[in-house]
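Here's the structure, in structure tokens; my notes come after.
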Amino acid sequence: MGNTKERRSLMVSTVMVFFFFNTNHHQVMSCPDQTTNCTDQDRKLLEFPLNLEYLEAEFFLFGALGFGLDKVAPNLTMGGPSPIGAQKAKLDPLTRDIVLQFAWQEVGHLRAIKKTVTGFARPLLDLSIKSFAKVMDDAFGRKLVPPFNPYANSYNYLIASYLVPYVGLTGYVGANPKLQCPDSRKLVAGLLGVESGQDAVIRTMLYARATHMVHPYGITVAAFTDRISRLRNKLGKMGVKDEGLVVPKAMGAEGQVAGNVLVGDMLSLAFDRTPEEILRIVYGSGNERVPGGFYPKGADGEIAKSYLV
């Protein structure tokens with residue numbers, strides 16, 4: 001009789017432990033809250049960066065090779081229009097080598113995102129000399145003469161490249177804490193790592209030339225980066241989230257250095273941006289509802305489209 005009670009007690013305990021383990025295991029392996037909401041939230045945040053990845057891929061491919069996704073990976077465009085005004089840049093061998101590496105990395109980023117979400121067709125991109133010249137004119141508050149040409153030489157191209165990966169990486173920093181699924185966070189961490197690396201390389205190459213006078217403007221490379229960063233802060237409308245290559249010592253790391261080869265906040269942590277801030281910057285309008293700049297017809301994806309209705 002005693003043995004029967006012990007066996008029953010052992011069986012009940014075993015069932016309870018098994019049930020408790022399975023319940024908690026299911027909770028750990030599932031996304032928080034409802035899976036549907038998790039997937040939908042992540043989908044919107046993961047598809048939005050495609051806008052910037054398309055831009056970077058086309059700018060770097062054309063800069064290094066003279067052609068873009070239509071030739072190297074037409075399936076990734078999903079039939080979207082070819083970019084306006086993109087062309088091969090006059091680059092020295094080292095710069096071209098690095099830009100070409102960036103270009104193929106961006107193709108990989110497009111593939112990675114589209115393996116996770118369906119995404120959308122390449123939006124219309126304006127990568128013309130006129131488009132970049134307007135950004136520089138806005139940054140300096142006057143028309144540069146002659147108009148700034150990003151494709152003219154390696155200095156100009158690197159300065160133009162300063163415009164690109166950093167905006168994307170701040171978007172990834174901003175998206176990461178909002179993602180609910182582990183696979184989504186893993187993807188964004190991987191994208192952020194490479195985008196940060198690209199930005200670091202660009203900033204380092206420019207920092208090595210910080211005092212170089214950009215011909216024919218008589219303006220240093222460092223001054224160009226400072227003006228571009230100030231413009232992005234102004235358009236983003238959320239305070240200082242962008243800094244040039246040289247800053248007042250008090251704004252440098254731990255208030256100890258003026259050199260600013262990597263930009264960060266008071267604790268040297270990366271700044272974050274929301275999709276709305278990014279749209280204000282890449283449109284050049286300071287308004288997520290007013291397209292323009294590099295996206296003459298607006299960006300795509302559910303988040304961007306919600307402001308164009």
Side-chain angles (χ1 to χ4, degrees), residues 49 52-53 55-56 59-60 63 91 94-95 97-106 108-109 135-136 139 150 154-177 185-212 214 219-236 238-275 277-278 281-282:
L52 295 174
E53 298 291 355
L55 187 153
E56 293 175 51
F59 183 60
F60 291 140
L91 305 176
L94 175 61
T95 304
D97 180 21
I98 291 171
V99 170
L100 185 58
Q101 292 178 49
F102 288 175
W104 289 113
Q105 289 164 6
E106 296 306 330
H109 289 180
V135 174
M136 297 307 171
S154 294
Y155 283 107
N156 285 22
Y157 192 83
L158 286 171
I159 290 170
S161 298
Y162 181 89
L163 291 168
V164 186
Y166 182 71
V167 176
L169 81 84
T170 56
Y172 286 133
V173 174
N176 193 52
R185 291 194 291 269
K186 181 180 180 181
L187 172 61
V188 165
L191 293 165
L192 175 58
V194 175
E195 292 290 331
S196 299
Q198 291 178 355
D199 183 62
V201 169
I202 292 167
R203 291 181 71 98
T204 300
M205 293 178 75
L206 289 172
Y207 188 73
R209 302 164 171 83
T211 59
H212 172 80
V214 180
I219 301 169
T220 66
V221 167
F224 264 94
T225 64
D226 179 63
R227 290 299 188 118
I228 292 168
S229 289
R230 288 188 185 198
L231 176 64
R232 289 192 294 213
N233 285 330
K234 177 183 175 182
L235 294 172
M238 291 299 291
V240 175
K241 294 190 176 183
D242 217 307
E243 296 170 346
L245 296 174
V246 180
V247 296
K249 188 175 179 180
M251 293 180 64
E254 293 295 301
Q256 298 297 311
V257 288
N260 202 36
V261 70
L262 294 180
V263 62
D265 64 12
M266 293 292 290
L267 297 176
S268 293
L269 300 178
F271 289 106
D272 65 298
R273 283 191 172 109
T274 64
E277 291 172 69
I278 290 172
I281 293 168
V282 297

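This is a predicted model, so every value here is computed, not measured.
- Rounding to the nearest 0.5 Å gives a distance of 10.5 Å between CG of Asn176 and CG of Leu191.
- Counting only residues at least two apart or in different chains, salt bridge (charged side-chain N to carboxylate O under 4.0 Å, His left out) contacts with residues 188-209 are absent.
- To the nearest 0.5 angstrom, Thr170 atom OG1 is 9.5 Å from Leu192 atom CG.
- Applying the ring pair (Phe, Tyr, Trp, His ring centres under 6.0 Å) criterion to Tyr155, with sequence neighbours excluded, gives His212.
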Pairs under 3.5 angstrom only: tabulate donor-acceptor contacts from the side chains of residues 262-269 to other protein residues two or more places apart or in another chain.
unit_1: Asp265; atom_1: OD1; unit_2: Leu267; atom_2: N; d: 2.8
unit_1: Asp265; atom_1: OD1; unit_2: Ser268; atom_2: N; d: 3.1
unit_1: Asp265; atom_1: OD1; unit_2: Leu269; atom_2: N; d: 2.8

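- To the nearest 0.5 Å, the span separating NE2 on His109 from CD on Glu53 amounts to 6.0 Å.
- Considering every non-hydrogen atom in both Val167 and Arg273, the closest pair reads CA-NH1, 4.4 Å.
- Residues satisfying the side chain to side chain donor-acceptor pair (under 3.5 Å) criterion with Asp97, sequence neighbours excluded, are Gln101.
- Taking all atoms of both residues into account, the shortest heavy-atom contact from Tyr172 to Pro49 is OH-CB, 3.4 Å.
- Listed by chain and number, the residues in a salt bridge (Lys or Arg N to Asp or Glu O under 4.0 Å) with Glu243 amount to none (sequence neighbours excluded).
- The nearest pair of heavy atoms linking Asn233 to Gly239 is OD1-O, 3.4 Å.
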Audit row: Ile159, Thr225, side chain to side chain contact (heavy atoms under 4.5 Å, CB included) steps and yes/no: CA-CA 7 Å; Ile159 290 170; Thr225 64; 5.7 Å; no

Trace of the side chain to side chain contact (heavy atoms under 4.5 Å, CB included) decision for Asp242 with Phe271: CA-CA 8 Å; Asp242 217 307; Phe271 289 106; over 6 Å; no

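- A donor-acceptor pair under 3.5 Å is formed between the side chain of Asn260 and the backbone N or O of Gly244.
- Taken to the nearest 0.5 Å, the CG atom of Leu231 stands 11.5 Å off from the CG atom of Asp226.
- Formation of a donor-acceptor pair under 3.5 Å by the Ser154 side chain with backbone atoms of Thr95 is not found in this model.
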Verdict with reasoning, Ile219 to Arg227, per side chain to side chain contact (heavy atoms under 4.5 Å, CB included): CA-CA 11 Å; Ile219 301 169; Arg227 290 299 188 118; over 6 Å; no

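- Residues that satisfy the ring pair (Phe, Tyr, Trp, His ring centres under 6.0 Å) test with Phe102, not counting sequence neighbours, are Phe60.
- One finds the CZ atom of Arg232 at 5.5 Å from the OH atom of Tyr162 (value rounded to the nearest 0.5 Å).
- Counting only distance, with no hydrogens or angles, the side chain of Glu277 and the backbone of Thr274 share a donor-acceptor pair below 3.5 Å.
- Side-chain contact between Val214 and Asn156: present, with at least one pair of heavy atoms (C-beta onward) separated by less than 4.5 Å.
- Here the CD1 atom belonging to Ile202 is positioned 13.0 Å from the OH atom belonging to Tyr166, to the nearest 0.5 angstrom.
- Inter-residue side-chain proximity for Val99 and Leu91 is flagged as met; some heavy-atom pair is nearer than 4.5 Å.
- In this structure, Ala160 and Phe59 approach most closely via the heavy-atom pair CB-CZ, 3.9 Å.
- Here the closest heavy-atom approach between residue Met205 and residue Ile98 is recorded as SD-CD1, 3.6 Å.
- The closest donor-acceptor contact from the side chain of Lys241 to the backbone of Asp272 lies under 3.5 Å.
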